[in-house]
Structures are given as C-alpha cells and as structure tokens.
Visitor: 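Would you mind keeping the following structure in view while I ask a few things?
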Amino acid sequence: MPTGQDANLRFLRRAIALATENVRAGHGGPFAAVVVRDGRILGEGVNTVTAANDPTAHAEVNAIRAAATALGDFSLAGCEIYSSCEPCPMCLAACYWARLGAIYFAATAADAAHAGFDDDYIHDEFAKPVDARSLPAINLLREEAWASFQAWIEAGKKIPY
C-alpha cells in the first residue's frame, strides 16, 4: 500500500475521478471527496445537490456522512478528507465539526469560480455583522430558548460533542 505523498495523490486522484464520473453520469456537479483512515477509504461522496434536491448534498458532506456511518461514530478524528476541490464554507465547517485531521484538495476555490461555482459572497457575508448580512437573521425568544441549553447542562446522561 502506498504511503505518504503517494497515498495522498492516489486518494486525490480517486476524488477527481469520482467528480468527473459524477458529471458524465449527469448526477451533479464536478465535486467528489473521500474520507480515509489509516490508508483505507471509509466513505466516498459526490455532489448530489440537484439529483437529491438537497442544497447540503455537497461531496464532502456526503463523504463525511458515509464515513461516520461506516464507523458508527460522529467523530472522524484520525481521518483525513481528500476533495477534488477546495471545500466551500459549509463543507469546511463540516470538516471541522467532524474533527478531521487534515484536508487535501486538488482544484482551488478560484478554479471553481472560473467554472461558475463562486462562493466568495458567502465568505464576505460571514465577515459582516449579523444585522448587515443580505440574508436577514432575526433573533427572537432567546431567553425561552435557553431552557434547551439548561436541560443539556443538567442532563445526567449525554454525549458531549
């Protein structure tokens, strides 16, 4: 089994091949990802946003879901993700939430933008104060909502994450 850089290139090539197959099959955008632990692929995912009518069905999210299911664990600590393209803000956040150890990517966000997939506006929106963003976000019932957090704090049996 290849190790080090050879393995990294092999897994990235797998992601690129899956992305290309996804486009040619008409299933979605040119994005794919694989989650790997100890040189073994635990989950693969392709972009299925339009096929599934699910705006969250990005390749990285689908690969993370598949790997977490395979492991029976929400934490992917000790795993890496190999993506055909630099993750968008949502997928980057998912990588952090999954506790992945590293992200390897092939194409850049600039390459994606050149192909018509531009997420710079989301990066720009995140930098703005909540009340200045183009998508209105209105805070209501904050005090009432605290009851859910209080229940979590007081819960005797819980799995922290």
Side-chain angles (χ1 to χ4, degrees), residues 7-8 11-12 14-15 18-19 22 27-110 112-113 117-161:
N8 292 340
F11 295 130
L12 272 176
R14 174 66 181 154
L18 288 170
N22 195 50
H27 295 147
F31 305 98
V34 296
V35 174
V36 175
R37 179 185 277 167
D38 298 326
R40 197 179 106 223
I41 295 175
L42 299 176
E44 297 182 333
V46 296
N47 177 289
T48 57
V49 169
T50 56
N53 293 318
D54 180 353
T56 68
H58 288 205
E60 294 89 345
V61 172
N62 287 338
I64 288 168
R65 288 174 178 161
T69 298
L71 287 176
D73 197 341
F74 63 86
S75 174
L76 299 181
C79 297
E80 303 88 33
I81 193 164
Y82 295 81
S83 180
S84 63
C85 186
E86 185 175 356
C88 74
M90 177 183 69
C91 293
L92 181 60
C95 290
Y96 278 97
W97 280 114
R99 293 165 178 73
L100 292 166
I103 300 167
Y104 297 89
F105 62 92
T108 66
F117 298 92
D118 193 356
D119 57 16
D120 278 347
Y121 77 95
I122 298 174
H123 291 285
D124 294 342
E125 285 287 298
F126 287 167
K128 296 176 184 176
V130 172
D131 61 351
R133 294 178 185 161
S134 63
L135 178 64
I138 298 95
N139 182 225
L140 302 171
L141 301 177
R142 181 177 177 197
E143 290 178 22
E144 288 182 38
W146 181 252
S148 302
F149 290 110
Q150 191 63 44
W152 171 257
I153 291 167
E154 295 170 1
K157 186 177 181 181
K158 60 185 171 190
I159 300 172
Y161 59 97

Visitor: Pair Leu100, Glu60 - check side chain to side chain contact (heavy atoms under 4.5 Å, CB included), show working.
Guide: CA-CA 11 Å; Leu100 292 166; Glu60 294 89 345; over 6 Å; no
Visitor: Measuring only between side-chain heavy atoms, which start at C-beta, is Phe31 closer than 4.5 Å to Asn22?
Guide: no
Visitor: Do the non-hydrogen side-chain atoms of Arg37 and Leu71 ever get within less than 4.5 Å of each other?
Guide: yes
Visitor: To check you understand the geometry: which heavy-atom pair defines the closest contact between Ala112 and Cys85, and what is its length?
Guide: CB-SG, 3.8 Å
Visitor: Are Pro89 and Asp119 close enough that some pair of their side-chain heavy atoms sits under 4.5 Å apart?
Guide: yes
Visitor: Are the side chains of Cys91 and Val61 in touch, meaning some heavy atoms are under 4.5 Å apart?
Guide: yes
Visitor: Taking the six-membered ring for Trp, is the centroid-to-centroid distance between Phe149 and Trp152 below 6.0 Å?
Guide: no
Visitor: Taking C-beta and beyond as the side chain, do Glu44 and Leu18 meet within less than 4.5 Å on heavy atoms?
Guide: yes
Visitor: Using 0.5 Å steps for rounding, measure from the CD1 atom of Ile103 to the SG atom of Cys95.
Guide: 4.0 Å
Visitor: In Å and rounded to the nearest 0.5 Å, what is the CG to NE2 distance from Leu92 to His123?
Guide: 8.0 Å
Visitor: Measure the spacing between CG of Leu42 and CD1 of Ile64 and express it to the nearest 0.5 Å.
Guide: 12.0 Å
Visitor: Please step through side chain to side chain contact (heavy atoms under 4.5 Å, CB included) for the pair Tyr104 and Val34, ending with a clear verdict.
Guide: CA-CA 10 Å; Tyr104 297 89; Val34 296; over 6 Å; no
Visitor: Got Val36 and Arg14 here, is their nearest side-chain heavy-atom distance under 4.5 Å?
Guide: no
Visitor: How many angstroms lie between atom CD of Glu125 and atom CZ of Arg133, to the nearest 0.5 angstrom?
Guide: 7.0 Å
Visitor: Please report the closest heavy-atom contact between Ala59 and Ala32, naming both atoms and the distance.
Guide: CB-CA, 3.4 Å
Visitor: Can you tell me how far the OG atom of Ser148 sits from the CD1 atom of Ile153, to the nearest 0.5 Å?
Guide: 11.0 Å
Visitor: With heavy-atom distances below 4.5 Å as the criterion, would you say the side chains of Ser134 and Tyr121 are in contact?
Guide: no
Visitor: For the side chain of Arg142 and the backbone of Leu140, is there at least one donor-acceptor N/O pair under 3.5 Å apart?
Guide: no
Visitor: Between Ala33 and Ala63, which heavy-atom pair has the shortest distance, and what is it?
Guide: O-CB, 3.5 Å
Visitor: Restricting to non-hydrogen atoms, name the atom on Glu86 and the atom on Ala109 that form the minimum distance, rounded to 0.1 Å.
Guide: OE1-N, 2.8 Å
Visitor: Quick check: closest heavy atoms across Val35 and Leu76, and the distance to 0.1 Å?
Guide: CG1-CD1, 4.2 Å
Visitor: Has the side chain of Ser83 got a donor or acceptor atom that lies under 3.5 Å from a matching backbone atom of Phe105?
Guide: no
Visitor: Hey, could you give me the CD1/CG distance between Ile122 and Leu135, rounded to the nearest 0.5 Å?
Guide: 10.5 Å
Visitor: Which heavy atom of Ala137 sits nearest to which heavy atom of Val130, and what is that distance?
Guide: CB-CG1, 3.8 Å
